[in-house]
Structure formats: C-alpha cells, structure tokens
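Inspection log for the structure reproduced underneath, given as structure tokens.
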Amino acid sequence: MKIAVIAHIRHPIAEPFMGGMEAHCRMLCDGLRQAGHEVTLFASGRSCDRDLVAICDAPYDDVLPWRIWRGTPQLAAFQKDAFRFAWSRVLSGGFDVVHNNSLFPDIISWAVRDAVPCVTSQHVPPFGSMRDAVESAAQADCVQQTVTSAHQMTLWNARSRWNMAVVHNGVRTDRWLPRRNIGKYFVWVGRITPNKGTSLAVRAARKAGLPLHIYGPVEDAGYFASEVEPFLSQDIQYHGHVRLETLSPVVAQARGVLVTPLWDEPFGLVAAEALACGTPVCAFDNGALSEVVGECGYIVSARDVDALAAAMHKIDAIDRNSCRQRALRHFSSDAMVAGYERAYDRARCVTRGAAPCHAARTFASSQSRTAALLA
C-alpha cells in the first residue's frame with residue numbers, strides 16, 4: 001500500500017525523541033516500510049525521514065510554545081495551516097490510506113467529507129473536539145480509529161467505539177535488547193514535568209536507599225529546579241536527554257525501571273521498552289500501566305511513594321526472561337504493524353479477493369478530480 005502518515009507537529013520526528021508519540025511515529029514509518037509498504041511522512045521541519053514532506057518550517061513548540069500558547073487562536077491557526085497543506089498533498093498524492101497520527105481532529109472530518117480511507121491513532125484520552133469528530137465519523141466505514149490499550153477503549157462511549165480497535169504501541173525489540181552484568185541502579189525515563197511524576201520517583205529511590213538514574217528532556221524547568229535538582233546526589237543522578245543507542249544498554253543493565261505517571265497513561269512506552277530489555281518495572285497504577293506490565297513487575301497505587309519504595313526492594317523476584325518474552329509477544333513492531341494493517345483494510349473496505357467498497361471508489365474518483373483541479 002501507499003500510505004500517508006501525518007504526524008503530530010509539536011516536536012520533530014527525530015532523535016533524541018521528545019516523547020512516546022515521536023518515537024512511535026518513527027517506528028511506525030520504519031515498520032510499515034519493512035512490511036513492504038510505501039510511506040510518506042508529513043511532519044514538521046527538522047524531522048528526519050527519507051520520504052519527508054515538511055508541512056511547517058519548524059515544530060510549533062519552537063514557534064508558539066504549548067505551555068504559553070495552549071488554547072490560543074494563534075496556535076490553532078498554525079496547526080490548521082500546516083494540516084490543511086498536508087491534506088492537499090494527500091488528496092493529490094494517490095495514497096491508498098492515511099494514517100492520522102496527529103491528534104488533530106479536523107483530519108477525521110476531512111476524511112469523512114472527502115471519503116478518504118483514514119486510520120486515526122488515539123494516543124491520549126478523549127478530549128472534547130476529538131470526541132466530537134470521532135462520534136461524527138462513527139458510521140463512516142472508511143474512517144477507523146485505534147486506541148493504544150484496552151483501558152483507553154473504556155474511556156470512549158459506545159458510539160465512538162463503533163469503528164475503534166485496540167492496537168498496542170510497539171517497540172523496537174531488535175534495538176531494546178537484554179544485556180548481562182545487571183547493576184544495582186534503577187532508571188527513570190521521560191519528559192521531566194509534573195504529570196510524569198519525576199519527583200515521586202526521586203522520593204521513592206531516596207526512601208528505598210537505592211540509586212536512581214534519570215533520563216529525559218526538562219520540559220518544565222521550574223518543576224525540575226524545585227522538585228528534582230535539589231535532591232540530585234551521587235546516588236540520584238540526572239543524565240540529560242540521550243539517543244536510543246545510549247539509553248538502551250543503560251535500561252537493559254538496570255535492576256528495574258520506575259514509571260510514575262500522575263495522569264491517565266494511555267499506554268506506557270517506557271515500560272514496554274524496559275520489558276523488551278528484560279528489565280522489570282515498578283509503576284503507579286494509572287491508565288494502561290497494569291495492562292502493559294502484567295506479571296513482569298509491581299503496580300502500586302498512584303502517588304504511593306512508600307509502596308513504590310517497597311516494590312523496588314522486591315524487584316529481583318521477577319524473571320527477566322519473562323519480561324523479554326512478554327514484550328516479544330505483545331509489543332513488537334511486527335505485532336503493531338499487523339494491527340494497523342487490519343485497520344487499513346477495514347478503512348479501505350477490502351477483504352481477500354473482494355473489491356473496494358463505495359467509499360474507497362469515491363476516494364479514487366475524488367483523487368482524480370482533485371489532481372486535475374490542482375494541475
């Protein structure tokens with residue numbers, strides 16, 4: 001298939017990734033190509049991809065930082081201009097299906113309007129305008145939705161779930177690999193911001209008397225300065241924001257990984273990456289973390305620092321090979337791509353040996369008309 005992937009444009013799709021959405025988008029494009037598909041990535045400037053169409057000169061956090069411009073007409077206009085440009089290229093590009101990875105609700109409405117086969121990945125809990133767009137598209141077979149966990153599915157109402165399926169995020173199990181010589185330290189990875197709970201991981205490590213290595217970008221400088229930096233020491237260390245090849249062996253040789261979300265975590269990519277390395281996880285019970293970790297770690301009540309510290313001392317009871325096997329079974333790139341391929345087939349209304357449905361034929365006709373008009 002010829003697939004258009006439309007990315008979220010807050011940050012570039014480039015290493016070191018700012019967060020899980022950017023890492024997911026990179027792996028999505030790579031995984032689809034490995035499966036034999038032709039992929040064009042529509043993303044912000046400074047993104048890295050062999051078939052990139054830059055839909056804005058720079059990611060919007062460089063131009064209109066989200067922490068300042070969130071909810072403003074200026075930021076809304078910036079995004080709409082970028083995604084309108086992407087959509088015009090989609091309509092004239094001869095694509096079989098669009099993978100909407102953008103969190104921009106209008107793309108769903110445009111897909112319904114133009115009868116474009118489209119699969120939208122819902123990476124966060126439903127918000128107002130997105131819920132409205134999904135509900136409005138509920139009867140359009142050419143528009144499908146995926147959520148990252150069974151837990152996330154429960155947050156959508158019955159009408160929204162009409163064209164929705166669970167596709168777990170995948171991880172590069174060929175790059176997140178087990179290592180020998182396991183150390184005594186724990187690792188925390190993520191954006192350093194209040195809803196990721198970095199400070200609670202620090203408190204748990206101090207209470208447990210165990211070393212903790214922290215990795216990730218400082219998204220909230222005030223939070224880092226007041227809640228994390230004062231407690232850095234020989235045992236509690238911050239190592240900055242690093243690329244996968246640097247981070248993977250550190251995670252693989254860790255005694256365990258701490259995952260401390262204070263929001264409804266839609267998946268928990270850090271936990272899945274840890275399991276792929278054979279490293280068990282201690283996590284707060286928020287969102288889908290228990291679904292991802294399973295029996296390969298300890299899940300404690302959110303914000304319960306005492307319970308998290310106690311879990312750290314029990315982590316050696318978890319079999320590291322079982323962690324790796326869980327990741328291979330449930331969270332590999334191949335498993336994720338196969339899930340998306342099923343969603344693409346539903347959006348295109350194609351089954352083995354069957355002809356495309358009316359919506360797909362309409363899209364092909366619409367492409368021809370639009371291409372002629374643009375010419």
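Worth knowing before you read on, the calculation uses all heavy atoms, side chains too, and leaves out hydrogens, waters and symmetry mates. Keep in mind that what you see is a predicted model, and the values were worked out from it rather than measured.
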So does [X] have more than 12 non-hydrogen atoms from other groups sitting under 6.0 Å from [atom1]?
X	atom1	result
Arg303	CZ	no
Arg206	CZ	no
Gln237	CD	yes

Just by distance, do the side chain of [X] and the backbone of [Y] share a donor-acceptor pair under 3.5 Å?
X	Y	value
Arg324	Ala276	yes
Ser248	Leu244	no
Asp220	Pro194	no
Thr279	Val251	yes
Arg320	Gly278	yes
Arg179	Pro249	no

Problem set entry | Intermediate values then yes/no, side-chain contact (heavy atoms from CB on, under 4.5 Å), Lys207 and Arg203 | CA-CA 6 Å; Lys207 187 174 188 64; Arg203 287 171 53 191; over 6 Å; no
Between [X] and [Y], which heavy-atom pair has the shortest distance, and what is it?
X	Y	result
Gly93	Lys2	O-NZ, 2.6 Å
Ser47	Ala14	CA-CB, 4.5 Å
Gly170	Leu269	O-CD1, 3.7 Å
Pro105	Ser129	CG-OG, 3.5 Å
Gly287	Asp264	CA-OD1, 2.9 Å
Gly268	Val292	O-CG1, 4.2 Å

Exercise. Does the side chain of Arg161 come within less than 4.5 Å of Val147's, by heavy atoms?
Worked result: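 No, their side chains stay 4.5 Å or more apart.
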Exercise. Given side chains that start at C-beta, do those of Gln122 and Phe127 come closer than 4.5 Å, heavy atoms only?
Worked result: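 With C-beta onward as the side chain, the pair stays apart.
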Do you see a donor-acceptor pair shorter than 3.5 Å between the side chains of [X] and [Y]?
X	Y	result
Thr198	Trp188	no
Glu341	His37	yes
Asn195	Thr193	no

Problem set entry | Partner residues of Asp57 under the salt bridge (Lys or Arg N to Asp or Glu O under 4.0 Å) criterion, sequence neighbours left out |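 Salt bridge (Lys or Arg N to Asp or Glu O under 4.0 Å) check on Asp57 returns nothing, list empty.
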For this session: Tell me, please, which residues at least two apart from Arg326 pass salt bridge (Lys or Arg N to Asp or Glu O under 4.0 Å).
Result: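 Arg326 satisfies salt bridge (Lys or Arg N to Asp or Glu O under 4.0 Å) with no residue once adjacent residues are dropped.
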Under the ring-ring contact (aromatic ring centres under 6.0 Å, His included) test, residues paired with [X] that sit two or more places apart:
X	result
Phe224	Tyr238
Tyr185	His213
His11	none

For this session: Decide yes or no on side-chain contact (heavy atoms from CB on, under 4.5 Å) for Ile3 and Tyr340, but give the supporting numbers first.
Result: CA-CA 11 Å; Ile3 302 170; Tyr340 286 137; over 6 Å; no
Exercise. Centroid-to-centroid, Phe17 to His24, below 6.0 Å?
Worked result: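 Not close enough - the centres of the two rings lie 6.0 Å or further apart.
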Problem set entry | Counterpart residues, side chain to side chain donor-acceptor pair (under 3.5 Å), relative to Thr146 (two or more places apart) |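 For Thr146 the side chain to side chain donor-acceptor pair (under 3.5 Å) partners, ignoring immediate neighbours, are Ser121.
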Problem set entry | ring-ring contact (aromatic ring centres under 6.0 Å, His included): pairs with one or both residues in residues 311-331, sequence neighbours excluded |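 Residue pairs with at least one partner in residues 311-331: His168-Phe331, Phe267-Phe331.
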Problem set entry | Sequence neighbours excluded - ring-ring contact (aromatic ring centres under 6.0 Å, His included) pairs with any residue from residues 279-300 |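 Sorted result for residues 279-300: empty, none.
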For this session: Hey, can you tell me if Phe95 and Phe42 have their rings parallel, tilted or perpendicular (30° and 60° cut-offs)?
Result: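 Because their plane-to-plane angle is over 60°, the rings of Phe95 and Phe42 count as perpendicular.
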Exercise. Residues in side-chain contact (heavy atoms from CB on, under 4.5 Å) with Pro230, at least two apart?
Worked result: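 Once residues adjacent in sequence are excluded, Pro230 has no partner under the side-chain contact (heavy atoms from CB on, under 4.5 Å) criterion.
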Exercise. If you measure from CD on Glu22 to CD1 on Ile13, what distance do you get to the nearest 0.5 Å?
Worked result: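 These two atoms lie 5.0 Å from each other.
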Problem set entry | side-chain contact (heavy atoms from CB on, under 4.5 Å) evaluation trace for Met18 with His241 | CA-CA 8 Å; Met18 280 297 292; His241 189 28; 4.2 Å; yes
Exercise. Can you list every salt bridge (charged side-chain N to carboxylate O under 4.0 Å, His left out) pair that touches residues 285-300, not counting sequence neighbours?
Worked result: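 Found none.
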Problem set entry | Ion pair check, Arg33 and Asp49, cut-off under 4.0 Å |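 Yes, charged N to carboxylate O under 4.0 Å.
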Problem set entry | salt_bridge(Arg10, Glu219) N-O dist < 4.0 Å |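 Looking at Arg10 and Glu219, the cut-off is met.
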For this session: Show the numbers, then the answer: is there a side-chain contact (heavy atoms from CB on, under 4.5 Å) between Met21 and Leu103?
Result: CA-CA 10 Å; Met21 279 197 62; Leu103 296 183; 3.5 Å; yes
If you look only at distance, which donor and acceptor atoms sit under 3.5 Å apart when one is on a side chain in residues 66-73 and the other is two or more places apart or in another chain?
{"unit_1": "Thr72", "atom_1": "OG1", "unit_2": "Trp69", "atom_2": "O", "d": "2.6"}
{"unit_1": "Thr72", "atom_1": "OG1", "unit_2": "Leu75", "atom_2": "N", "d": "3.3"}

List the atom pairs, with distances to 0.1 Å, where a side-chain N or O of residues 76-86 and a protein N or O form a donor-acceptor pair under 3.5 Å, not counting sequence neighbours.
{"unit_1": "Lys80", "atom_1": "NZ", "unit_2": "Asp106", "atom_2": "OD2", "d": "3.0"}

For this session: Carefully, step by step, assess Asp319 and Ser322 under the rule side-chain hydrogen bond (donor to acceptor under 3.5 Å, both in side chains).
Result: CA-CA 5 Å; Asp319 178 64; Ser322 295; 2.8 Å; yes
